[in-house]
Every structure is written in C-alpha cells, then in structure tokens.
Amino acid sequence: MGLKRQKQAKKTISFYKYNFSFRQPFQILIDGTFSQAALKNKIQIKEQMPKYLMGEVQLCTTSCALKELETLGKELYGAKIILQRFQVRRCAHFKSPVPASECLLSMLEETNPHHYFIATQDHTLTAGLKKIPGVPLLYIIQNTIVLDKPCQTSLDHVQAVQLGELVSPAQQQSIRSLKEEQGIDQKDGERRGRKRKRKQSNPNPLSCLKKKKKKGKGVPTPPLMKTEEGEKRKRSRHKKKQNNTPAAAAVVTNT
C-alpha cells in the first residue's frame, strides 16, 4: 500500500469524522460490482478493508444486491458467494426487489443518517451518491482499494454549516439526546407556548377575620358605670387625691 494513498485516505476519513460524525466500526455497503472487481483482482476484502481504513469495519449488503446477482446468471456466481458472507441489511424492497443501485441510494435517504460507506464500481450509482452530502465512496483501481475524495456536495454542506446556515448532524443528534433526557417533545413545546389560566381559588379564611382594635399602651380603660335603661353610660373619673403630707400643710399655714 502506497504511503501517499494512505495519507490521502487518512485525511478523507478525518473529514467525515469531524464533519459528519462517522465512528468505528465503519459500516460499508457493498454491491455486486465491487465484489466482482475484488474477485477479478484477487483482493481479500475482509483483510484489506480494515487496514486501508485504519479501523474496525462492518461489511454489509442488501437483499436486492444479492437478488440482482442471482438474476445475472453463473458468470457472477463467485461474486455472489463473496457477497453472501457479509451482513444483509434490511431494506424496503423485501417483497419486490429493485436494482442494487436504486436500493443502496434508498438506504442513504437524504443525509446518510446511518453513516454508510458505499463500495461500488457502478457509474450510475456513483453519480447518485455525489448528490448526497456525507457519503464516502470506495472503488477498486489497479488491484487496490481507493477511498474517493469528498464530493462537492459534501464540501458545500460543510461550508454552509460553518457559516451558520445549517445545523450539522452532530448538533442535531445532541439536540435530540438532550430533548430525550429532559422528556421534551414537540407537543410539550407547543404547550409551553400557551399561557395557562389561573384557577379561581377560595379566599384565605384567616384574611376574612375582623381586625382587632389596638388598645393604648400603658393607659387602662376606665370601667363603665351601670346605668338604667335608656340612659347613656358614663365613665367614672378618678379625682386626684390631695397631698396631706406635713410639708404641704406647712406651706398652707404660711400663706
């Protein structure tokens, strides 16, 4: 394996890791054209793919890709045997199979949420992949596996995210996880936007009690005199007692 090709592959993998949240084990969707090229060029996919991508991989295919090889006859029997060794991912065409190129494109959806690598030699499929951001492409040239450089759609997507025009998949995932942790969904957001009406509650019974009149501090209230019916009650007044001390008597005699 050439040193220059290894460096380029490492750079491309880092691009997809940091901008599209690719993580190991890398999931690689393989079609019949890639397995046929590997058989022709004597490439051991299970041995060489992890070394080239410098990490753990999961090799997988779809039932549509296997069905396509069956219909093409005995010439692709060896490619079919290779493809049957890999995991078969469930697609939406189980009952009515479609061409492998169409099936693999449907697995990617609009933004490749499951972070698939695509390994193919099909030019029609390759053209469709370059319209979807964040899809690494693998193919075989001169007895070697090659990881293609990021397409222009992926570069434009990353630039838009950096300018703040789009939300990256990593940010979308973190937002979803935070909402799940706090139990927030779309309906809860709508409910929070509405103002709640206060329920009418009964008044506090303590606030309904009559206030007691405050009495003057230090001044005793005179007792009320008992009177006959129809007469107003009069308060008794206390007369000041004369001072009968000897000093007071002497002052009176002198005058």
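Predicted, not measured: the structure shown is a model, and the values here were computed from it. Reckoned from all heavy atoms, side chains included, excluding hydrogens, waters and symmetry mates.
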How long is the span from the [atom1] atom in [X] to the [atom2] atom in [Y], to the nearest 0.5 Å?
X    : Y    : atom1 : atom2 : result
Q27  : M107 : CD    : CE    : 9.0 Å
N112 : F117 : CG    : CZ    : 9.5 Å
E70  : Q84  : CD    : CD    : 7.0 Å
H115 : K17  : NE2   : NZ    : 13.0 Å
F34  : T61  : CZ    : OG1   : 12.0 Å
L83  : L39  : CG    : CG    : 11.5 Å

So do [Y] and [X] actually touch side chain to side chain, heavy atoms under 4.5 Å?
X    : Y    : value
M54  : Q6   : yes
F15  : I13  : no
L104 : I118 : yes
K74  : K80  : no
C91  : S63  : yes
N143 : K42  : no

Within the side chain of [X], is there an N or O that forms a donor-acceptor pair under 3.5 Å with the backbone of [Y]?
X    : Y    : result
R5   : I145 : yes
S96  : H93  : no
Y52  : L147 : yes
Q121 : I140 : yes

### Query
Please walk me through it: do V88 and T62 pass side-chain contact (heavy atoms from CB on, under 4.5 Å)?
CA-CA 5 Å; V88 179; T62 64; 5.6 Å; no
### Message
One pair to check against side-chain contact (heavy atoms from CB on, under 4.5 Å): K149 and K11. What are the steps and the verdict?
### Response
CA-CA 9 Å; K149 294 180 180 179; K11 184 178 178 182; over 6 Å; no
Which pair of heavy atoms, one from [X] and one from [Y], lies closest together, and at what distance?
X    : Y    : value
E109 : I132 : O-CD1, 3.7 Å
T153 : K131 : CG2-O, 3.6 Å
P50  : I45  : CD-O, 4.0 Å
A100 : A65  : CB-CA, 3.9 Å
E68  : P99  : OE2-CA, 3.9 Å

### Message
Assess the residue pair L129 and L108 against the criterion (side-chain contact (heavy atoms from CB on, under 4.5 Å)); give the C-alpha distance rounded to whole Å, side-chain angles, the decisive distance to 0.1 Å, and a yes or no.
### Response
CA-CA 9 Å; L129 296 176; L108 300 174; 3.1 Å; yes
Indicate if [X] and [Y] have the same hydrophobic cluster label, given that clusters are the connected sets of ILVMFWY residues with side-chain heavy-atom separations under 4.5 angstrom.
X    : Y    : result
I141 : L125 : yes
L72  : L66  : yes
I43  : L76  : yes
I81  : L59  : no

### Task
Could you tell me whether F26 and Y116 have their ring centroids closer than 6.0 angstrom?
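No, the ring centres sit 6.0 Å or more apart.
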### Query
For I28 and L53, what are the C-alpha separation, side-chain angles and deciding distance, and is it a side-chain contact (heavy atoms from CB on, under 4.5 Å)?
CA-CA 11 Å; I28 303 170; L53 297 179; 3.5 Å; yes
### Query
So among S154, C151, P150, which one has a side-chain contact (heavy atoms from CB on, under 4.5 Å) with K130?
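Output: one option passes, namely C151.
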### Task
Go through the side-chain N and O atoms of D122 and T120 and say whether any donor and acceptor fall under 3.5 Å apart.
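The criterion, which ignores hydrogens and geometry beyond distance, is not satisfied for T120 and D122.
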### Message
In terms of relative ring orientation, are Y16 and F20 parallel, tilted or perpendicular, with 30° and 60° separating the classes?
### Response
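Plane angle between 30° and 60°, so tilted.
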